[in-house]
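No experiment lies behind these values; they were computed from the predicted model shown. Numbers restart at 1 for each chain; the letters A, B, ... are given by sequence-line order, proteins then strands.
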Number of protein chains: 2
Amino acid sequence: MSTDTDNDLSLESQLCFSLYAAQLAVGRTYRRLLNELALTYPQYLVMLVLWERDGQGVSRIGELLHLNSATLTPLLKRLETAGLLVRQRSSTDERQVTVTLTEEGSALRQRAACIPAQAFDASHCSPEELASLKASLDQLRHNLDQ
Amino acid sequence: MSTDTDNDLSLESQLCFSLYAAQLAVGRTYRRLLNELALTYPQYLVMLVLWERDGQGVSRIGELLHLNSATLTPLLKRLETAGLLVRQRSSTDERQVTVTLTEEGSALRQRAACIPAQAFDASHCSPEELASLKASLDQLRHNLDQ
DNA sequence: TCAATATAGATCGTGCGCGATTTAATTGCA
DNA sequence: TGCAATTAAATCGCGCACGATCTATATTGA
């Protein structure tokens with residue numbers, strides 16, 4: 001594909017670009033699926049974390065999603081405004097903000113239950129392919145994070 | 001991994017989240033590498049396109065990168081302000097804007113030549129792994145775009 | 001020929017991401 | 001005890017992404 005003297009800035013649109021484009025495509029797919037729930041894709045990820053374990057601090061959520069407070073704070077405020085969760089300062093450590101689902105936030109889980117299957121259908125890939133892809137991506141992310 | 005009655009919204013943080021997190025990690029890696037060139041990662045992708053074939057229209061660039069004009073127009077204006085390219089209305093079709101590299105924009109290619117190898121090193125993955133990952137991602141994106 | 005349609009970019013509004021900085025609370029240790 | 005260092009969020013500024021809409025130009029066909 002490239003000569004040995006070629007620094008290959010064109011083909012370099014290789015993995016990094018494929019990953020970028022695939023992520024944008026997944027984002028578009030989830031935008032359609034989540035439109036009904038009035039959630040964005042990053043908001044959905046936060047809800048996944050809270051549905052799995054409610055009452056976490058902002059830092060812990062950021063650790064799990066690899067996002068920092070500059071991203072999370074406004075996102076959580078929007079979810080609070082939407083009535084899906086409550087942010088309150090911890091009484092034992094006033095520096096921390098505990099994020100807790102509201103009744104409505106918990107209930108939304110039922111309506112979201114169909115999302116994974118729909119996303120799977122849209123991928124037109126086998127479970128084996130997707131599992132292998134996931135493993136490679138996790139490995140890559142881990143390596144890049146040192 | 002999950003029971004058959006489990007809708008698995010937790011494990012669902014499966015592929016979609018791995019892809020999301022991997023893309024963020026790659027973005028952070030490239031941010032470091034591109035800092036020297038004063039380019040952002042999306043700007044770098046546009047430059048890759050132009051280094052490969054100069055003098056394209058905005059739509060064509062958007063087609064190649066899967067980005068629309070709402071994203072590209074301001075991005076291209078920033079690259080123009082930086083002196084890397086020129087945007088001018090086509091004389092044959094006044095609707096089109098032709099994007100052309102400046103001397104400086106073309107020259108930047110030399111300084112970018114080391115980026116792919118550095119990114120490869122940071123991945124700590126084998127070429128085979130990365131090629132296989134790229135193929136899966138391209139397939140996935142293609143399927144999601146229908 | 002000229003009004004309907006299509007096409008190319010630009011613009012607007014919203015919501016991420018994140019480096020850098022700030023504010024406030026807690027901890028540690030001299 | 002007291003104050004420097006640390007930690008947790010919040011804030012600021014910038015640059016994507018993109019749905020929706022707008023403007024200008026080009027095409028088309030009755």
Side-chain angles (χ1 to χ4, degrees), chain A residues 17 20-32 34-35 37-47 56-63 65-82 84 87-99 141 145, chain B residues 17 19-35 37-47 56-63 65-82 84 87-99 141 145:
Chain A
F17 171 60
Y20 173 81
Q23 164 54 19
L24 291 184
V26 168
R28 285 190 289 266
T29 299
Y30 274 87
R31 187 175 301 122
R32 282 191 291 273
L34 292 169
N35 191 45
L37 306 185
L39 287 178
T40 66
Y41 181 49
Q43 286 168 10
Y44 170 69
L45 293 177
V46 169
M47 294 302 286
Q56 313 221 44
V58 174
S59 295
R60 180 64 186 141
I61 296 173
E63 228 171 87
L65 297 178
H66 307 279
L67 296 173
N68 65 28
S69 69
T71 299
L72 280 176
T73 297
L75 190 158
L76 290 169
K77 282 184 178 174
R78 281 186 284 271
L79 289 176
E80 185 172 39
T81 301
L84 299 179
R87 301 176 319 124
Q88 54 197 348
R89 291 275 162 192
S90 158
S91 50
T92 60
D93 184 343
E94 291 271 335
R95 291 172 304 180
Q96 293 197 52
V97 167
T98 303
V99 178
R141 180 185 53 65
D145 285 346
Chain B
F17 172 60
L19 181 55
Y20 173 83
Q23 162 55 20
L24 290 184
V26 168
R28 284 189 290 265
T29 299
Y30 274 87
R31 187 175 300 123
R32 283 192 291 273
L33 297 177
L34 292 169
N35 192 44
L37 306 186
L39 287 177
T40 66
Y41 181 50
Q43 287 168 10
Y44 170 69
L45 294 176
V46 169
M47 294 304 285
Q56 312 220 44
V58 175
S59 294
R60 179 63 185 144
I61 297 174
E63 227 171 88
L65 297 178
H66 306 279
L67 295 174
N68 66 29
S69 70
T71 299
L72 280 177
T73 297
L75 190 158
L76 290 169
K77 282 184 179 175
R78 281 186 285 270
L79 289 176
E80 185 172 39
T81 300
L84 299 179
R87 301 177 318 125
Q88 53 197 349
R89 290 277 164 190
S90 158
S91 51
T92 60
D93 184 343
E94 291 271 335
R95 291 172 304 179
Q96 292 197 54
V97 167
T98 303
V99 179
R141 182 186 50 66
D145 285 345

Assign each of Ala70(A) and Thr40(A) to its nearest nucleotide of DNA chain C by heavy atoms, then name whichever residue's nucleotide is nearer the 5' end.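 So the residue in question is Thr40(A).
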Given DNA chain C, 5'-ward residue of the pair Tyr41(A) and Arg95(A), judged by closest heavy atom: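 Looking at DNA chain C, the more 5' nearest nucleotide goes with Tyr41(A).
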Under 4.0 Å, heavy atoms only, any strand: does [X] hit a base, just the sugar-phosphate, or nothing?
X        : result
Asn68(A) : base
Gly27(B) : nothing
Arg89(A) : sugar-phosphate
Leu72(B) : nothing

If you check every side-chain atom of [X], which of [options] has the closest atom?
X        : options                   : result
Leu24(B) : dG17(C), dG15(D), dA17(D) : dG17(C)
Val58(A) : dG17(C), dA10(C), dA10(D) : dA10(D)
Gln43(A) : dG9(C), dA17(D), dC16(C)  : dC16(C)
Val97(A) : dG17(C), dC16(D), dA9(D)  : dA9(D)

Rounding to an integer number of Å, can you tell me how far [X] [atom1] sits from [N] [atom2]?
X        : N       : atom1 : atom2 : answer
Glu63(A) : dA9(D)  : CD    : P     : 10 Å
Arg32(B) : dG19(C) : CZ    : P     : 9 Å
Tyr20(B) : dA17(D) : OH    : C1'   : 13 Å

Measure the shortest side-chain to side-chain distance between Met47(B) and Leu79(B) over non-hydrogen atoms and say whether it is less than 4.5 angstrom.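 Answer yes - side chains close enough.
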Mind checking whether Val26(A) and Tyr20(B) have side chains closer than 4.5 Å, heavy atoms only?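 In short, these two side chains do not touch, never coming nearer than 4.5 Å.
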Is it true that Lys77(A) and Glu80(A) make a salt bridge, defined as a side-chain N closer than 4.0 Å to a carboxylate O?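 Glu80(A) and Lys77(A): not salt-bridged.
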Quiz item: Ser69(B) side-chain donor-acceptor pair to dA10(C) base, under 3.5 Å: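 By the distance-only test, yes, there is a pair.
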With side-chain contact (heavy atoms from CB on, under 4.5 Å) as the criterion, how do Phe17(A) and Leu65(B) come out once you've worked through the C-alpha distance, each side chain's angles and the decisive distance to 0.1 Å? CA-CA 8 Å; Phe17(A) 171 60; Leu65(B) 297 178; 3.7 Å; yes
